Amino acid sequence: MIKPILWLLALVLTSASAFAQDIDHLSAEYSVLLNGDKTRGVNTLKIDRNNDNYNVRFSLTHWLLDVDQQANFSWKNCTATPHTFSYKTKYLGMRNEERLVFDQKTDMVLFQDKNGDKLVPTEGEAFDPVSFFFEARCDLMAGKTTLTYPVARDGEIKTTTFNVVGKEIVNTGIGPYESLIVERDRGNSSRKTRFWVAPELDYQLVQISHVENNQLSVTVTLDKLSYSLVKN
């Protein structure tokens, strides 16, 4: 139940495109509503760039849930090449860890978790749960309204599709921003995942909501933000 929420919390659309400069550094904090109630804790995201290499780290700490997620990938000309992805979680006293290692020479991805190691072919392309959102930002800026990507998670490569379904003003901790609403295509499932992306903030993610069922929903909203762009 908690796993879909974990990988959602890590996602920020802070890539480059033909219409905007690359992000050089980003530091952000987010507020989290759990079933409509604000949670206590620290929720941070940091992005650092070294030439064409990016490191992304998300940390969430409060009494119910601890999360630490990290992604490392190369980025050039709106194309992400993932290297490693890992997460550690503690939920109601239960610990879980997973690591992904991508080998571009063999087109394989290695899944490592408590059940052991598993090699899966990528068939030429696969993203970790963070790097594909960098490509999504490029596609949104290019005007695409349907976005589909192969994502490595849960021990396999899963095709993940999103659709732009409208616009809405989102009130964040740094002000209101008109945002595109991007919804994950889950078919007939009652589960619903939405993302709000603000063009005024270089198409960065300002809010996420996920409804798992009638008893569990999460909304993550941007509270503080500072970032710098790569100087051409």
Side-chain angles (χ1 to χ4, degrees), residues 5-17 19-34 38-76 78 80-90 100 127-138 140-141 169-180 182 194-210 218-232:
I5 299 171
L6 300 181
W7 71 269
L8 287 172
L9 294 176
L11 306 179
V12 168
L13 310 180
T14 50
S15 62
S17 78
F19 309 101
Q21 296 170 268
D22 286 357
I23 295 295
D24 185 57
H25 170 79
L26 180 143
S27 179
E29 293 184 13
Y30 294 84
S31 61
V32 178
L33 295 180
L34 182 62
K38 188 172 183 179
T39 64
R40 294 181 179 180
V42 179
N43 317 291
T44 62
L45 178 89
K46 293 187 181 296
I47 297 176
D48 291 298
R49 169 186 168 272
N50 183 7
N51 295 320
D52 293 333
N53 195 64
Y54 277 85
N55 285 290
V56 181
R57 183 175 184 178
F58 176 83
S59 298
L60 183 154
T61 304
H62 58 74
W63 68 272
L64 178 65
L65 172 69
D66 288 347
V67 180
D68 186 88
Q69 292 186 316
Q70 298 187 58
N72 177 269
F73 54 92
S74 300
W75 176 255
K76 191 172 183 179
C78 273
T81 303
H83 302 308
T84 60
F85 173 81
S86 65
Y87 76 79
K88 299 178 181 179
T89 66
K90 184 173 71 173
L100 310 180
F127 302 100
D128 63 63
V130 171
S131 62
F132 84 94
F133 269 81
F134 278 61
E135 296 219 3
R137 177 176 177 267
C138 277
L140 288 172
M141 296 181 83
I169 300 293
V170 176
N171 292 311
T172 75
I174 60 173
Y177 290 93
E178 183 175 67
S179 305
L180 299 176
V182 184
R194 281 187 165 186
F195 306 87
W196 285 258
V197 182
E200 190 177 345
L201 289 177
D202 294 315
Y203 282 76
Q204 294 186 59
L205 188 70
V206 294
Q207 187 167 272
I208 306 167
S209 74
H210 176 76
V218 173
T219 300
V220 179
T221 305
L222 181 66
D223 193 36
K224 298 179 181 179
L225 174 69
S226 65
Y227 67 94
S228 60
L229 301 175
V230 176
K231 296 181 180 179
N232 293 328

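This chain uses plain numbering: 1 for the first residue, then up along the sequence. None of the values given here were measured: they were computed from a predicted structure.
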Please report the shortest heavy-atom distance between [X] and [Y], naming the atom on each side.
| X | Y | value |
| --- | --- | --- |
| Leu222 | Ala28 | CD1-CB, 4.0 Å |
| Ser131 | Phe127 | OG-CB, 3.6 Å |
| Tyr54 | Ile47 | CD2-CG2, 3.7 Å |
| Phe85 | Val130 | CE1-CG2, 4.0 Å |
| Val197 | Pro199 | O-CD, 3.2 Å |
| Val206 | Ala198 | CG1-CB, 3.8 Å |

Exercise for review: For the residue pair Phe195 and Ile208, establish whether any side-chain heavy-atom pair is separated by less than 4.5 Å.
Suggested key: yes
Check your understanding: Quick one: does Leu201's side chain get under 4.5 Å of Thr172's, heavy atoms only?
Key -> no
Output the distance between atom [atom1] ([X]) and atom [atom2] ([Y]), rounded to the nearest 0.5 Å.
| X | Y | atom1 | atom2 | result |
| --- | --- | --- | --- | --- |
| Ser59 | Asn43 | OG | CG | 9.5 Å |
| Asp24 | Tyr227 | CG | OH | 12.5 Å |
| Thr219 | Trp196 | OG1 | CH2 | 7.0 Å |
| Asn55 | Asn50 | CG | CG | 8.0 Å |

Check your understanding: Under the 3.5 angstrom rule, does the side chain of Glu135 hit a backbone N or O of Ala80 as a donor-acceptor pair?
Key -> yes
Check your understanding: Partners of Asp48 by side-chain hydrogen bond (donor to acceptor under 3.5 Å, both in side chains), sequence neighbours excluded?
Key -> His25
Point to revise | Partner residues of Gln70 under the side chain to side chain contact (heavy atoms under 4.5 Å, CB included) criterion, sequence neighbours left out | key: Arg57, Asp68, Ser86
**Study point:** Gln204 and Leu225: CA distance, side-chain angles, deciding distance, side-chain contact (heavy atoms from CB on, under 4.5 Å) verdict
**Key:** CA-CA 11 Å; Gln204 294 186 59; Leu225 174 69; 4.1 Å; yes
Check your understanding: Between Phe73 and Phe134, how do the two ring planes meet: parallel, tilted or perpendicular, split at 30° and 60°?
Key -> perpendicular
Check your understanding: Stepwise, does the side-chain contact (heavy atoms from CB on, under 4.5 Å) test hold for Gln207 with Tyr30?
Key -> CA-CA 9 Å; Gln207 187 167 272; Tyr30 294 84; over 6 Å; no
**Study point:** Steps toward side-chain contact (heavy atoms from CB on, under 4.5 Å) verdict (Leu180, Tyr203)
**Key:** CA-CA 9 Å; Leu180 299 176; Tyr203 282 76; 4.0 Å; yes
Point to revise | Audit row: Asn53, Ser74, side-chain contact (heavy atoms from CB on, under 4.5 Å) steps and yes/no | key: CA-CA 4 Å; Asn53 195 64; Ser74 300; 4.0 Å; yes
